[in-house]
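Residue numbering restarts at 1 for every chain, and letters A, B, ... go by the order of the sequence lines.
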Amino acid sequence: MQVNEYKPLIVAFCCNWCSYAGADLAGNNRLNYPADVKIIRVPCSCRVNPMFILRAFQRGADGVILCGCHPGDCHYTSGNYYTRRRMALLFSMLDYLGIEKERTRVEWVSAAEGAKFAATMNDFVETVAALGENKRLEDLRCKK
Amino acid sequence: MKRIGVFVCHCGTNIAGTVDVKAVAEAMKHEPGVVFSTDYQYMCSQAGQEMIKAAVKEHRLDGIVVCSCSPRMHEATFRKTAAAAGLNSYMVEIANIREQCSWVHKEMPIGTEKAIILAKAAVAKVSLNAPLTPGESPVTKRALVIGGGIAGIQTALDIADAGFPVDIVETKPTIGGKMAQLDKTFPTLDCAACILTPKMVDVAQNEKIRIFSYSEVTDVKGFVGNFDVTIKRKARYVNETLCTGCGACTEKCPMKKVPNEFNLGMDNRHAVYIPFAQAVPKVATIDPNHCLMLKSGKCGLCSKVCGAGAIDYKAKDEFLEERYGAIVVATGFNPISMEKFDEFAYAQSKDVITSLELERLMNAAGPTGGTLLRPSDHQHPHTIVFVQCVGSRCEACAEKGKEYCSKICCMYTAKHAMLIRDKYPDTDVYVFYIDVRTPGKNFDEFYRRAVEEYGVHYIKGMVGKVTPENGVLKVQGSDLIDNRQLHIDADLVVLAAAIEPDKSARPLATMLTASMDTNDFFTEAHPKLRPVESPTAGVFLSGTCQGPKDIPETVSQAGAAASKVIGLLCKDKLLGNPCVAHSDEMMCNGCSTCEKVCPYGAITYEDKEFRMPDRTTKVRRVAKVNEAVCQGCGACTVACMSGAMDLKGFMNKQIMAEVDAICK
Ligand SMILES: Cc1cc2nc3c(=O)[nH]c(=O)nc-3n(C[C@H](O)[C@H](O)[C@H](O)COP(=O)(O)OP(=O)(O)OC[C@H]3O[C@@H](n4cnc5c(N)ncnc54)[C@H](O)[C@@H]3O)c2cc1C
Ligand code: SF4
Ligand code: SF4
Ligand code: FES
């Protein structure tokens with residue numbers, strides 16, 4: 001089998017209360033996932049503006065994943081419901097623009113789900129890696 | 001341009017083992033704005049913090065990046081360090097290179113490369129940080145305790161002792177919880193009632209404590225320092241202040257065949273009842289599902305015999321609105337249902353009982369007056385089989401049991417076996433176990449006494465099947481040590497059922513926005529360092545709602561929760577979270593979109609005069625965020641189509657800068 005050298009660039013937005021803590025728990029339990037994942041902390045998944053995601057793809061990200069608390073468990077009670085609706089819309093629009101649906105994902109990870117966090121990241125990286133590099137929205141002017 | 005300092009922590013080998021910290025510090029020297037960059041073994045130590053302070057002074061830093069463990073761990077520490085060095089404490093950003101880097105990646109080059117990128121993102125963010133000042137809010141000096149078991153009782157007593165008023169909300173007609181149902185308690189074998197009921201009386205007599213029994217919390221708004229709570233006081237059809245607890249009504253009530261939940265349905269009570277003699281508050285309650293008067297309008301006997309005139313058939317549920325500075329959750333546990341465990345014939349035979357049922361059968365105030373009689377024919381059982389871990393530690397039976405260890409069953413089973421052998425030496429007692437777990441003070445000694453002094457037969461192995469046959473229970477089990485099958489004819493089988501959190505805990509957690517684990521136990525803010533606080537500020541945890549516990553552990557946790565509450569209520573003002581939303585008046589068009597998404601109603605509008613370039617004035621409607629109410633979720637910032645709304649500390653341009661740094 002040929003070894004795939006290609007490393008995808010993944011931006012993960014994690015809400016402070018559940019998913020970011022879930023990611024920390026994955027660390028506490030030493031559960032591995034690829035270093036391609038870089039996490040940005042936001043107070044709530046609903047803080048993630050579609051602009052951030054577009055920007056990531058423009059700047060060469062290959063996949064963007066948004067993690068929040070499980071429905072009903074958002075620290076701010078309803079933030080993740082906004083996230084769910086906004087992202088459903090955004091992701092289908094991105095799909096239309098040629099950013100395949102597999103490159104974007106919303107996942108609910110609680111503070112207790114370190115294992116789920118690691119498993120999700122492993123799976124997401126694998127899925128995105130299989131699609132290869134994203135060139136669709138990349139703004140070449142941003143490249144040095 | 002900012003003058004940024006970067007401080008890379010080794011965390012012993014925790015970080016330095018997988019990340020070349022020197023290389024990270026070196027790489028950061030070339031980042032725009034960075035004027036100083038270094039590494040150190042333990043940044044959070046006194047020496048590390050002093051080093052940061054000195055660097056701030058020496059290099060006139062106005063922004064700090066610490067590359068270390070999670071900000072959830074030490075962000076607060078480094079903010080204090082910054083403040084001590086004369087910087088605004090919000091000019092600090094943390095790059096999480098431990099939990100989210102060195103601990104999850106194995107190879108040094110990969111870990112180092114990622115750490116550099118995370119550090120760059122933090123530098124990019126901090127160079128856009130602005131000084132922030134938290135607002136202040138008052139503290140309502142009163143606490144709410146939800147659940148009146150031993151956990152809630154102890155917490156309430158301790159808080160009241162410090163001089164603060166406390167309310168207990170308890171769903172049942174009386175406080176006391178499961179401990180009130182127990183007979184004797186391990187490891188000292190003193191009677192539960194003898195140690196619990198004096199505490200219940202203390203609660204009743206403490207003028208700082210109000211008990212809302214037969215009540216539920218139905219809504220929680222607000223935050224630490226000021227929670228607005230709606231309490232539903234269920235109609236008990238008996239006026240609590242008039243009722244003297246004489247019990248005349250309960251004797252006269254013709255509805256005598258209502259299963260008595262306090263005795264787990266093993267005997268009956270009346271439709272109007274007082275759960276047990278030492279109930280607190282000691283007042284009667286009418287069960288609307290069985291009362292003739294409430295169901296068909298015919299009867300009214302209790303009202304006739306009540307000398308105090310306390311019966312009120314027209315009572316309605318009432319709703320109270322109260323404000324509290326802190327909330328303690330103490331909703332406790334329940335044994336899981338045994339209905340699905342067909343192999344033990346719980347549903348088929350009355351003589352297969354749970355351990356809690358056995359507590360009632362051995363309790364002097366129980367259905368048999370404390371004489372151990374089997375439920376089916378009221379005969380003395382001569383052979384008793386205990387089965388431990390029923391539904392506990394059961395990965396394979398997730399649909400009916402639990403994966404975790406319920407922790408208390410080994411000890412109470414040893415207690416039961418010992419008490420039975422002590423009182424009825426002619427009984428044979430067998431205990432089937434997976435392994436016996438006794439890690440507590442005097443616990444192993446206790447268990448060994450059961451085996452060595454009381455001659456209880458401990459058998460390592462599980463019971464495969466219990467079959468009721470002609471009045472005996474045929475127990476089939478395996479003895480793993482002698483490697484053989486056992487057949488025992490038992491008169492009574494006792495199941496040590498797993499315990500689970502109360503079913504009402506999940507909706508309560510949602511109301512409180514407190515998090516739970518996958519088993520519905522409340523999660524603590526930190527498993528080791530903040531074990532009695534929930535991650536939600538102002539919400540504290542007491543007792544078995546947080547995880548399986550025995551009474552000594554419950555009581556110590558209850559006291560710890562109380563001390564945390566007292567620490568909070570002692571404060572006159574709380575500092576708020578300065579990371580709140582803010583709208584740019586020049587960009588806002590007053591569309592009202594943000595107001596609709598805000599979960600807290602923090603956004604209002606005001607008409608404001610603006611000077612136009614042509615020197616005329618114009619009145620426009622603009623959004624205004626109430627900083628004391630805004631919790632900083634950021635929902636509004638995304639909803640705002642004009643881009644007027646932004647979130648301090650997590651500004652659009654800051655997050656964009658992080659994205660850019662990560663994507664190079
Ligand atoms: C068979 C058995 C034997 C035991 N023997 C021993 C022993 O010998 N020694 C020992 O140390 N421990 C023993 N234990 C453990 C002991 O019972 C517990 O440690 C203790 O009762 C836990 O107290 P708690 O207050 O956390 O919970 P609970 O006793 O369950 O109290 C919780 C209270 O909260 C109320 N509540 C629940 N939900 C709500 C809500 N939403 N709103 C308002 N109120 C609510 C409940 O009605 C209840 O009154 C035994 C347990 C069992 C099952
Ligand atoms: S950040 Fe959240 S809480 Fe604050 S005003 Fe906006 S929507 Fe309301
Ligand atoms: S959504 Fe934006 S433009 Fe509309 S009122 Fe709120 S801040 Fe103003
Ligand atoms: S806080 Fe986690 S999704 Fe809102």
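Counting only heavy atoms from C-beta outward, the side chains of A:Ser78 and B:Pro599 approach each other to under 4.5 Å.
With a threshold of 4.5 angstrom between heavy atoms, A:Tyr20 approaches chain B through its backbone and through its side chain. Contacts of A:Asn16 with chain B are made by both backbone and side-chain atoms, with heavy-atom separations under 4.5 Å. For A:Ala111, no part sits under 4.5 Å from any heavy atom of chain B, backbone or side chain. Using a 4.5 Å cut-off between heavy atoms, A:Leu9 touches chain B through its side chain atoms alone. Interface residue B:Thr536: backbone and side-chain heavy atoms are both found under 4.5 Å from chain A. Of the atoms belonging to A:Ala21, heavy atoms from both backbone and side chain fall under 4.5 Å from chain B. At a 4.5 Å heavy-atom cutoff, the contact between B:Asn14 and chain A is made by side-chain atoms alone. Only the backbone of A:Cys74 has a heavy atom closer than 4.5 Å to any heavy atom of chain B. Residue B:Ile117 touches chain A through its side chain alone, counting heavy-atom pairs closer than 4.5 Å.
Heavy-atom proximity under 4.5 angstrom to chain A picks out B:Glu99, B:Gln100, B:Trp103, B:Val104, B:His105, B:Lys106 from residues 97-107 of chain B.
Interatomic distance, A:Lys7 NZ to B:Glu113 CD, rounded to the nearest 0.5 Å: 9.5 Å. If you take CD1 on B:Ile655 and CE on A:Met51, they are separated by 9.0 Å, rounding to the nearest 0.5 Å. Here the OG atom belonging to B:Ser70 is positioned 11.0 Å from the CG atom belonging to A:Leu25, to the nearest 0.5 angstrom. Of the inter-residue distances, the one linking A:Tyr82 atom OH with B:Cys636 atom SG reads 10.0 Å to the nearest 0.5 angstrom.
Across all non-hydrogen atoms, the minimal contact from B:Asn652 to A:Phe52 is OD1-CZ, 3.4 Å. Summarising the geometry of A:Val11 relative to B:Cys663, their closest heavy-atom pair is CG2-SG, 3.9 Å, with the distance given to 0.1 Å. Across A:Tyr76 and B:Tyr600, no two heavy atoms sit closer than the pair CA-OH, 3.0 Å. The minimum heavy-atom distance between B:Val638 and A:Pro50, with the atom names listed, is CG1-CD, 3.7 Å. Shortest non-hydrogen contact noted between B:Thr637 and A:Asn49 is O-ND2, 4.0 Å.
The candidate with the highest count of non-hydrogen atom pairs below 4.5 Å against chain B, out of A:Asp73, A:Thr83, A:Ile40, A:Thr77, is A:Ile40. The most heavy-atom pairs under 4.5 Å with chain A, out of B:Leu118, B:Thr513, B:Ile110, come from B:Thr513. Interface check for chain B: of the options A:Ile39, A:Val48, A:Val64, the most heavy-atom pairs under 4.5 Å are formed by A:Ile39. Each of B:Leu512, B:Thr518, B:Asp660 has some count of heavy-atom pairs under 4.5 Å with chain A, and the biggest count is that of B:Asp660. Chosen from A:Ala112, A:Ser110, A:Cys46, the residue pairing most often with chain B at heavy-atom distances under 4.5 Å is A:Cys46.
Among residues at least two apart or in separate chains, salt bridge (Lys or Arg N to Asp or Glu O under 4.0 Å) pairs with a member in residues 21-49 of chain A are A:Asp24-B:Arg72, A:Arg41-B:Glu75, A:Arg47-B:Asp646.
The environment of CD in A:Glu126 is sparse: at most 12 heavy-atom neighbours from other residues, nucleotides or ligands sit within 6.0 Å.
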